[in-house]
Protein chains: 2
Amino acid sequence: MSNFNKQTGSLNEKAGISSPEITNAPAIIQIKNKRRQLPSSEELISGILSGNRTALSRAITLIESTNPEHTEKANQIIKECLPGANKSIRIGITGVPGVGKSTFIEAFGKYLTSLGKKVAVLAVDPSSSLSHGSILGDKTRMEELVKDENAFIRPSASGETLGGVARKTRESIILCEAAGFDTIIIETVGVGQSETAVHSMVDFFLLLKISGAGDELQGIKRGIMEMADAIVINKADGDNIKKAALAKIEFSKALHLFPPKKSAWQPIVTTCSSVTKEGVSQIWKTISDYFDTTNETGYFQEKRTGQNQFWMMETINEELKSNFYNQPEIISLLEKTQKAVQNNEISPFAAAQLLLEKYFKA
Amino acid sequence: MSNFNKQTGSLNEKAGISSPEITNAPAIIQIKNKRRQLPSSEELISGILSGNRTALSRAITLIESTNPEHTEKANQIIKECLPGANKSIRIGITGVPGVGKSTFIEAFGKYLTSLGKKVAVLAVDPSSSLSHGSILGDKTRMEELVKDENAFIRPSASGETLGGVARKTRESIILCEAAGFDTIIIETVGVGQSETAVHSMVDFFLLLKISGAGDELQGIKRGIMEMADAIVINKADGDNIKKAALAKIEFSKALHLFPPKKSAWQPIVTTCSSVTKEGVSQIWKTISDYFDTTNETGYFQEKRTGQNQFWMMETINEELKSNFYNQPEIISLLEKTQKAVQNNEISPFAAAQLLLEKYFKA
């Protein structure tokens, strides 16, 4: 396998110029083998269950892999981790770039570990494969939390579709919980549909904002306010304190326009500074209150059960569509049919029927 | 076929008591045959294209039928009507019960026919099969419009699913347009998901409201305000005039909180009385403005094309799901799998995979 003499790199471009001989081939083989050698599923499982972060990290890599062998291994690990999962509170955090998500999570996460909690931070960012990790990619923005042995930070899985990334994150949550992390933070950037995906995998959804030029609500993304269990006005320090207080009032008013939530929870608006740490403990108190209240009413468990059902159905529905639209016969017929619909030669329903007949015959 | 002597009705319960002889059997056969005899597709098509409302009505009955023969006939008629369709403006009207939808549509429709327009009124109300036509069922509430020869009123198709009702309504629109109706009104009741369905089949979406106890926005259904191209405060007459004006201000303010629409249309808020007819002509002027503006920008056609694509895809996706969930193997496995997910014995994704494998193998 390791044919060191057959080098095809750019350094070998000029034929006739010999490469320098490799001096310690056996050592290199040993290192390479060690790198390639993956621990067994059993090793990873027992590592995760004993709280080993390296094992956890490696297992998540398996979840993220597109190699079918890895997928099988990952499924086995998830299955074994399931009984240890679910014992956590899952918090979704969203906010557009510039709102200070990383510094907030650093401050919030450090506060949580100071309380003795074990904090895992995951991300859902379908764009990260293009931008090479726009979110959480730069771990240096969470300098202190990264060094904290009670924290585990994992950048977004790369993947082209939101569905794929969401699935991988959701499976990673299971492993983190099995590894003893009791507070799971799922970060997402306030773009596209990723909030909806994150909202459907967390218990508590937090919208991070900063105070702006006074017209706070203008242009706020549809649906986001509705999903939020809390709105936190970040960067409430220095000259911003007054503006943040005003923004808080405006958001509180706006929230009252929404119909009551199924959880019966009245969303709160609060201010916070990731620099002075003012307001950070209050946010955790709010989330604890939420946890207590919804646990008592049974809503907490009900929501999780609903989320599991949702993800099962969602996976099925996506797979059915993907199977349909990837059939060669459908691909070739679809374009023609779409044009016919556009030219009013066939109704959308008759067109659908035509395609479906083709599909189910094949 | 017509075996008149073999009567099985309740009047025949007592054996041994003979039924009175039928006096004019041939005449009855003739009447029955005439009733049963459906015009041919060709007759219906030429009837529709010449604007015959009876032909239109009978063809819609075919669309609504669950008899496969009727469906085939309906599809043929729709196909032939398509070239004559699409030359209309389609207006969706929603509002909760009590807001005065019927009287508003009567006043608005009569105004339109007075301008020489031909108005068709259809409805989307998935609940009507249970309530036996809660919407438009009582045509007496539109006494004048019913008698107007330039109007065509059709209650909601009955059907158990919103998807089914929406599909039938959407196909009926095609026939109405082919019959020369240039203004199509689709009424829906402000409950459930029916507004979303109606919104995706009309050009202009109108939300009907009445002024309430001051807190106008409280409890307004999520998403509805966003969809509205116009909000009309109805019943702005007598003691209500002042309250309606206040409601108008409040709604106008709230609309400014939403991000601009893709159509670049700024939704308007207006008041109206279906009794005094005050404001009715203004509503038509607004819709005409919308039509002119979006026609110029090309958005009008773009939206319709998008709607056609949407309905084609939607039909395919629904059919794929329906096929999956109705497989006997899936039905029997699904419940078991859902329980396993609920008990954390299997992850939602692994469960989905299990079901999909079963399905695609069969």
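Lettering follows sequence order; numbering is per chain, from 1.
- For B:L320, the parts lying near chain A are the backbone and the side chain together; criterion is any non-hydrogen pair under 4.5 Å.
- Ranked by heavy-atom pairs under 4.5 Å with chain B, the first of A:V341, A:L356, A:I174 is A:L356.
- Residue B:F310: no heavy atom, backbone or side chain, is found under 4.5 Å from chain A.
- When heavy atoms are compared at a cutoff of 4.5 Å, B:I316 approaches chain A by way of both its backbone and its side chain.
- For chain A, the option among B:Q309, B:Q301, B:Q342 with the highest count of heavy-atom pairs below 4.5 Å is B:Q309.
- Of the two parts of A:I78, only the side chain, counted from C-beta on, holds a non-hydrogen atom closer than 4.5 Å to a non-hydrogen atom of chain B.
- Neither the backbone nor the side chain of B:N343 comes within less than 4.5 Å of any heavy atom in chain A.
- For CD of B:E329, the number of neighbouring non-hydrogen atoms (other residues, nucleotides, ligands) closer than 6.0 Å is greater than 12.
- Surrounding NZ of B:K358 are at most 12 heavy atoms belonging to other residues, nucleotides or ligands under 6.0 Å away.
- Both the backbone and the side chain of A:N308 come within less than 4.5 Å of a heavy atom in chain B.
- In this structure, CZ in B:F360 is found 6.5 Å from CD in A:E319, a value given to the nearest 0.5 Å.
- Contacts with chain B were tallied for A:Y325, A:W311, A:F349; A:F349 has the most, counting heavy-atom pairs under 4.5 Å.
- Between B:K79 and A:E345 the shortest heavy-atom distance is CG-O, 4.4 Å.
- When heavy atoms are compared at a cutoff of 4.5 Å, A:Q353 approaches chain B solely by way of its side chain, counted from C-beta outward.
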Verdict with reasoning, A:L355 to B:M312, per side-chain contact (heavy atoms from CB on, under 4.5 Å): CA-CA 10 Å; A:L355 288 158; B:M312 188 179 99; 3.9 Å; yes
Under the side-chain contact (heavy atoms from CB on, under 4.5 Å) rule, what do B:M313 and A:Q338 come out as? Steps first, then yes or no, please. CA-CA 10 Å; B:M313 299 294 197; A:Q338 280 179 318; 3.5 Å; yes
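- Looking at A:L82, both its backbone and its side chain come within 4.5 Å of chain B, counting heavy atoms on both sides.
- Both the backbone and the side chain of A:S347 have a heavy atom closer than 4.5 Å to some heavy atom of chain B.
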